[in-house]
Amino acid sequence: MKYSLLLLLLLTPNLFASDQVAFSPAPEWVTGVDIPGDEEIPVSKVKNGTHYLHFGRQVRVPPAGEPEYYYRYTTKIINQSGLDDQSQINVGFDPVYEQVIFHKLNVLRNGETINKLDSARISYLDQENELEQQLYNGIK
């Protein structure tokens, strides 16, 4: 059965931890990336009130064992629609053979970086058809 990980920001302290979700610093094999500035943002590049400044993936394939994937993205929230869209992070994974590890969850506000990883609330949900519209019907 496939699950979706729902990470709700700014709500309560971290209430749930398991073998499928962990928190740790980024692995040493991950290389740094310069995030582009957010000077003039063309209206055509804003989607749902959000402008994506960076989206990247790095892959490590060890000589033996399974590959590891590292994803990083940076967005600029433009309006209330963007805030609604970005206030939760959904990560789909199959807990039978996958694990999710969060390394950072930062908010940059008025030049100040705020760590939100410690205040995030995690909920596990069965994959629902209307999840992308933020509708949860509970039917399995």
Side-chain angles (χ1 to χ4, degrees):
M1 175 178 295
K2 193 154 185 153
Y3 289 92
S4 181
L5 174 71
L6 176 64
L7 182 66
L8 298 175
L9 308 179
L10 310 173
L11 296 179
T12 60
N14 194 357
L15 298 175
F16 194 91
S18 76
D19 292 339
Q20 287 91 21
V21 176
F23 302 93
S24 75
E28 291 184 14
W29 58 266
V30 172
T31 58
V33 174
D34 290 330
I35 306 301
D38 61 348
E39 294 81 29
E40 287 290 320
I41 299 172
V43 175
S44 64
K45 295 195 176 194
V46 175
K47 181 179 178 188
N48 297 327
T50 304
H51 175 64
Y52 285 84
L53 299 171
H54 170 78
F55 184 85
R57 177 177 83 161
Q58 295 179 35
V59 181
R60 177 179 172 261
V61 181
E66 298 295 319
E68 295 178 54
Y69 300 89
Y70 180 86
Y71 296 91
R72 172 190 342 223
Y73 71 95
T74 305
T75 61
K76 178 171 179 112
I77 296 172
I78 306 299
N79 55 32
Q80 183 64 43
S81 175
L83 184 60
D84 293 342
D85 187 57
Q86 296 294 307
S87 66
Q88 64 183 23
I89 299 170
N90 297 303
V91 179
F93 73 103
D94 189 334
V96 171
Y97 66 93
E98 294 178 310
Q99 179 185 36
V100 176
I101 302 173
F102 288 97
H103 305 294
K104 286 184 183 179
L105 181 58
N106 291 337
V107 173
L108 180 63
R109 186 177 295 138
N110 297 324
E112 179 184 351
T113 301
I114 305 163
N115 177 0
K116 291 296 183 182
L117 197 57
D118 294 333
S119 65
R121 188 183 94 198
I122 296 177
S123 299
Y124 292 92
L125 303 173
D126 289 336
Q127 184 66 47
E128 299 194 32
N129 294 335
E130 297 93 8
L131 191 60
E132 291 164 356
Q133 289 84 31
Q134 297 183 354
L135 299 173
Y136 312 100
N137 61 26
I139 298 173
K140 293 183 180 186

#### Entry: For Gly49 against Ser81, the heavy-atom pair lying closest together
N-OG, 4.2 Å
### Query
What is the minimum heavy-atom distance between Leu105 and Ala120, and which atoms define it?
CD2-CB, 4.3 Å
### Query
So which heavy atom on His51 is nearest to which on Val46, and how close?
CB-CG2, 4.5 Å
### Query
From Ser87 OG over to Ile77 CD1, what is the distance, rounded to the nearest 0.5 angstrom?
8.0 Å
### Residue pair Ile89 / Tyr73, side-chain heavy-atom distance below 4.5 Å
yes
### Smallest separation among heavy atoms of Val21 and Gln99, with atom names
N-CG, 4.5 Å
### Query
Among the clusters formed by ILVMFWY side chains lying less than 4.5 Å apart, do Leu83 and Ile78 turn up in the same one?
no
### Donor-acceptor contact present, side-chain Asn48 to main-chain Thr50, <3.5 Å
no
### Query
If every non-hydrogen atom of Lys116 is compared with every non-hydrogen atom of Val107, which pair is closest and at what distance?
CG-CG2, 3.6 Å
### Task
Determine whether Tyr71 and Ile101 fall in the same hydrophobic cluster, where Ile, Leu, Val, Met, Phe, Trp and Tyr are linked whenever their side-chain heavy atoms lie under 4.5 Å apart.
no
In residues 22-32, what donor-acceptor pairs under 3.5 Å come from side-chain atoms, sequence neighbours left out?
| unit_1 | atom_1 | unit_2 | atom_2 | d |
| --- | --- | --- | --- | --- |
| Thr31 | OG1 | Gln58 | OE1 | 3.3 |
| Thr31 | OG1 | Gln58 | NE2 | 3.4 |

### Message
For Thr113 versus Leu108, what's the shortest heavy-atom pair and its separation?
### Response
OG1-CD1, 3.6 Å
### Glu98 (side chain) donor-acceptor with Asp94 (main chain) under 3.5 angstrom
yes
### Query
Do Tyr70 and Val61 share a hydrophobic cluster (ILVMFWY, side-chain heavy atoms under 4.5 Å, transitive)?
no
